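Accompanying notes for the structure given below.
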Amino acid sequence: MEVRVRRVEGHIIYDSRGRPTIEVSLTSENGVKGRFASPSGASVGRYEVPPLPKDGILGAKKMVDEANKFFHNFSFSSQTEFDDALRRFDGGVRFERIGSVVSLGLSFAAADMASKELNKPMFRWLAGDLEPVFPVPLCNVLGGGKHALNRSIDIQEILVFPLNARSYRDAYTSVVEVHKMISKLLAERDMFFTGGRNDEGAWVTTLTDEEAFNVVWDAVDRVRSEVGVKFGVGIDMAASSIWDAESKVYVYRRSGISRDREEQIEYVVELVKKHNLMYVEDPLHEDDFPGFSYIRRRLGDRVLIVGDDLYVTNVSRIKLGVNERSGNGVIIKPNQVGNVSSAIEAAKTASENKFKVVVSHRSGETHYPHLAHLALAVEADMFKVSPVYGERVIKHNELLLIEDLYGGKGVKRIW
Ligand code: PGA
Ligand code: ZN
């Protein structure tokens, strides 16, 4: 069935960090509205689609006005059909002219409008009539690096994820308990702890990295004994943002240590072994494909080695990584690639090649649940969204509602 666009509108609004973005809305010929506003990252990977056109947010607003002319009366019957037209509208290969705030805004707003028109949940508009299978929530609970002004731990994120939850409800609520328990333990062990949280709602601490890992493990052990859910613990090193390309070292600002490539690899391997980690994201910078394969060989497939800035949700980079066996998992952030269909294709390329798929939020988020539908549409293995803050909780809530309404096949098993 076809849906037809009558009007496109854009309004400058703000993301969770107070940075401007655009709420794009599409109205169908029947007056049905779809909306979306794109999130933004703190560290925009070198290979991401740029968020804004050259003349910034005002330029982006003008692009939406232009889109109103381009898409007037445009009708489409699938998401790929809409996104192909979006590429023609941009005119380039990578949405450089219009930027991802506009391109993903249009793309997700179109998905929203079409699913409402056809009276189906967005994941079914994107993927057909599938039975939902829920991803494992992967949640940032203790944070540092750029997200905390480099004044907390040097590792950008310590993440937890439930291993044996039967429903998404059990999975999500158990992670929320861990998040709460961490603040309780920090209040006891960190005399400077004020209850402060970073951009993504992860606690920040003046404890050492070592002490921070102990807090997280103690928290998950306590929650396990209370609710019976076991957890894995992982990290996002966000290594591109600490890589100094000139002197070729990774700079750890708080501890004052610089590590060259070999030292960085040894450090990561040691962290994984010492703290029994099962997930490591971006252990090396965005160009080190061979380094990712080496770490995979060193750690084996029991540990997920996941590329974020390395892959930037881009099919050709994922293919490169598959050939070189650079890790075994891929972060999918739709704004890195600027449209929904390409994000789906990227996720498919990963899962067809036995790489795990991790659909992820950005540190600057907006108040839309659409990412939850993308995760279901690609049958993501994990859903990397922090457990608190409204702009994140809305995405978990969407999965809880879908589970209540549609049932589904429970939560994915990773191992
Ligand atoms: P970003 O951080 O959204 O600031 O890029 C999230 C991440 O590195 O995964
Ligand atoms: Zn990351």
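These figures come from a predicted structure and were not determined experimentally. Atoms within a ligand are numbered from 1 in the order they appear, just like the ligands themselves.
For ligand 1, the atoms closer than 4.0 angstrom to any heavy atom of G41 are 1 (P), 3 (O), 4 (O), 5 (O). Here is the list of ligand 1 atoms found below 4.0 Å of a heavy atom in E200: 6 (C). Within ligand 1, the atoms closer than 4.0 Å to a non-hydrogen atom of E157 are 6 (C), 7 (C), 9 (O), numbered from 1 in the order shown. Heavy-atom proximity to D236, at under 4.0 Å, picks out these atoms of ligand 1: 7 (C), 8 (O), 9 (O).
A donor and an acceptor atom, one from each side chain of E48 and N314, are nowhere located under 3.5 Å apart. Side-chain atoms of N335 and S38 include no donor-acceptor pair closer than 3.5 Å.
Using a 4.5 Å heavy-atom threshold, the side chains of L371 and H361 count as touching.
Within the coordination shell of the Zn ion (ligand 2), defined by N, O or S atoms under 2.8 Å, D236 is present. Among the atoms of E281, an N, O or S atom falls under 2.8 Å of the Zn ion (ligand 2). Contact annotation: D308 places an N, O or S atom under 2.8 Å from the Zn ion (ligand 2).
With distances taken over non-hydrogen atoms, the option nearest atom 7 (C) of ligand 1 out of K333, R362, M237, E48 is K333.
Geometric assessment of R97 against the ring of F89 yields a positive cation-pi assignment under the 6.0 Å and 45° thresholds. A cation-pi arrangement, defined by a distance under 6.0 Å to the six-membered ring centre and an angle within 45 degrees of its axis, is absent between R197 and Y389.
Judged by distance alone, the side chain of T205 and the main-chain N or O of L207 form a donor-acceptor pair under 3.5 Å.
Of the protein's heavy atoms, K384 NZ, 2.9 Å lies nearest to atom 9 (O) of ligand 1. What sits closest to atom 3 (O) of ligand 1 on the protein, heavy atoms only, is S363 N, 2.8 Å.
Under a 4.0 angstrom heavy-atom cut-off, Q156 registers as being in contact with ligand 1.
Expressed to the nearest 0.5 Å, how far CD1 of I235 lies from CG of L271 amounts to 5.0 Å.
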